[in-house]
Amino acid sequence: MKRGFLNSTKGKAAIASTASSDSSKAPTGHHILQGHNIANAPFGRLDKVQVPKGFETDLSMVRRLKDAAEYAKADYLWVNMPEVPWTEEPVTECLFVRGTREILLETPGFPQRLPPTPSNGPAFRVAPSPGKGLGLFSTRALKQGEVILTERPLLMTPIAVRTTHPQTFSEAESVQHSLNEFERFAQHAVNRMEDESRRKAFFELQNSHLEDGSGPIVGRIRTNGIGVEGLQPGISGTVGSYSAVCDAISRLNHSCSPNTFAKFSRAMFAFALYAVRDIAEGEELTFSYLEMFPPAAERAKKCLPYAFTCTCRACTPPTQESDARRREILDFNSRSESLCTRWMEDRALPDDWLIKQYLAQLVRLEKEKLQYCEYYCIAMTALMDCYIALGDRRRASKWAARVKRLTWIDYPERYFASLDGLLDPESAAYVKHKMWRTRVGIY
């Protein structure tokens, strides 16, 4: 899951691939989309564009959308999610490929209600951020692992729609055609929003794609979308991703050392925004739009589509020390498995040899403030396992407690539940653990 992922190399390639699909076929006069019968889709009234006052839209696009019944087939359907009887809860307008709805309906616990509003009020506020427009700021001190807010998206769409086009189209014309079709389909999803305040909130979001062929809706999706994978049947990775646009979470400004992470819950059909480290009252909440390990100069180029310059500590010159530390983090992670094997097999190595290695990795991650990434959890889990392998229950339990706080990491819930038995040094869970005293060799 990553915000703005449509601007990445993989995301652009995915958009381009939708434009070029089936391009070898002769032009049909229609843009055929395989599958679900679009003629039966509940289009409703399309003679009016339901857009908040002050926001422009393409009326011709809506008129063209009325012709959708001409399409013989389509892969797409428009639906509210979740389909719940709780009328007081917001719903997400969705443009889904066929099969996604069934995946959600088969999700254990779906649909799950949103948590109640905290008794002490929201933990964030929207306010101006110098040089960045609006942003989110904490209204009280937050602890690592604390949920700051839970939010159901305003809109969820695929990263693009699949179309055909004449063979004579250039690559640029193909991409533009794909963007135009995407805009038409997304327009209907926005028009379906029954809650006027949610439609208005969508159009109040920043659009940094004003000059690349994106329409007003697709531009906002590309600027503010948060990637959600695993919901398109038979497709994985970026190409099979959805893009979710939120009211609050999509307002988070970028940092290369973010202090939050948004985790999507299928059961709730909502994002939970976590504090990945302790956050002071009044501190701006930040989110990572990019891959964090390329050098600062490369990250700066990837910020250009968002029309901003990152001024976080890792991007403030001189950046050589930060760049070197991030390279060391990657290098260590690539060697970590062989290091663990060596420590387990070579009893001549000191008992704390591997522990020191992972403590050094943890220091690098914390200096770079990269607690949000999986490497942070890997390091802590490895330290816990080292002490279990040495039969040191007391130290192992301390690391288990720290790992337990990392609930934003996308690990199965059963994994975090399994840590409960390791919080008590006297627990019988230790002798049942597969790592118990394996370094010592005495059971």
Side-chain angles (χ1 to χ4, degrees), residues 33 35-71 73-105 110-111 114 151-162 179-205 207 214-222 224-226 228 231-232 242-247 250 268-271:
L33 301 116
H36 180 75
N37 190 344
I38 201 169
N40 297 326
F43 280 85
R45 294 193 58 185
L46 297 174
D47 53 343
K48 257 185 197 180
V49 182
Q50 302 173 24
V51 177
K53 185 177 180 181
F55 294 99
E56 297 180 355
T57 191
D58 182 359
L59 292 174
S60 65
M61 178 192 66
V62 179
R63 286 192 288 272
R64 292 197 305 272
L65 189 55
K66 293 173 67 176
D67 297 331
E70 296 178 6
Y71 291 136
K73 295 178 179 179
D75 274 332
Y76 304 98
L77 69 154
W78 289 262
V79 64
N80 296 334
M81 276 292 158
E83 301 161 337
V84 296
W86 315 312
T87 55
E88 77 279 8
E89 287 197 359
V91 296
T92 303
E93 285 297 339
C94 302
L95 170 61
F96 278 165
V97 300
R98 184 169 54 177
T100 293
R101 180 174 176 271
E102 288 70 25
I103 288 175
L104 289 165
L105 294 177
F110 181 91
L114 295 173
E151 180 177 25
R152 195 160 281 152
L154 301 167
L155 178 70
M156 181 179 282
T157 71
I159 63 171
V161 296
R162 184 174 295 276
L179 289 170
N180 291 344
E181 293 297 275
F182 190 7
E183 183 77 13
R184 292 199 307 119
F185 279 73
Q187 172 74 65
H188 179 58
V190 172
N191 281 356
R192 281 171 46 92
M193 291 182 179
E194 296 182 359
D195 187 335
E196 180 67 25
S197 65
R198 288 175 69 77
R199 186 183 301 109
K200 182 178 179 181
F202 176 83
F203 281 101
E204 286 178 344
L205 292 170
N207 180 6
S214 298
I217 294 174
V218 170
R220 286 175 171 83
I221 293 172
R222 296 183 70 187
N224 302 284
I226 305 169
V228 179
L231 290 179
Q232 292 196 29
Y242 280 95
S243 183
V245 178
C246 296
D247 182 9
S250 289
M268 254 190 317
F269 204 78
F271 287 99

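Smallest separation of non-hydrogen atoms from F203 and V190: CE1-CG1, 3.5 Å. Nearest heavy atoms, M156 versus V228: CE-CG2, 4.1 Å. When all heavy atoms of V91 and R198 are compared, the closest pair comes out as O-NH2, 3.2 Å. For the residue pair P153 and F271, the shortest heavy atom distance occurs at CG-CE1, 3.9 Å. For A160 against Y76, the heavy-atom pair with the smallest separation is O-OH, 4.1 Å.
Atom CG in L154 sits 6.5 Å away from atom SG in C246 (nearest 0.5 Å). Rounding to the nearest 0.5 angstrom, the gap separating the CD1 atom in I217 from the CD atom in E183 is 5.0 Å. From L105, atom CG reaches atom CE of M81 across 5.0 Å, with rounding to the nearest 0.5 Å. For the atom pair CG (D75) and CZ (F185), the distance works out to 9.5 Å, reported to the nearest 0.5 Å. Atoms OG1 and CD, on T92 and E151 in that order, are 9.0 Å from each other to the nearest 0.5 Å. Between the CG atom of N80 and the CZ atom of F269 there is a distance of 10.0 Å, given to the nearest 0.5 Å.
Judged by distance alone, the side chain of E181 and the main-chain N or O of V161 form no donor-acceptor pair under 3.5 Å. S250 places a side-chain N or O within 3.5 Å of a backbone atom of N224 that can act as its donor or acceptor partner. Looking at T100, its side chain does come within 3.5 Å of a backbone N or O of L231 through a donor-acceptor pair.
Counting heavy atoms from C-beta on, the side chains of R152 and L114 come closer than 4.5 Å. Contact annotation: the side chain of P82 approaches that of F110 to within less than 4.5 Å [non-hydrogen atoms, C-beta and beyond]. With contacts defined as side-chain heavy-atom distances shorter than 4.5 Å, the pair L95/H188 does not qualify. Looking at heavy atoms from C-beta onward, T157 lies out of side-chain contact with Y242 at the 4.5 angstrom threshold. With contacts defined as side-chain heavy-atom distances shorter than 4.5 Å, the pair R222/R220 does not qualify. Using a 4.5 Å heavy-atom cutoff, the side chains of I221 and S214 are not in contact.
No salt bridge links E93 with R199; every basic N to acidic carboxylate O contact stays at or beyond 4.0 Å.
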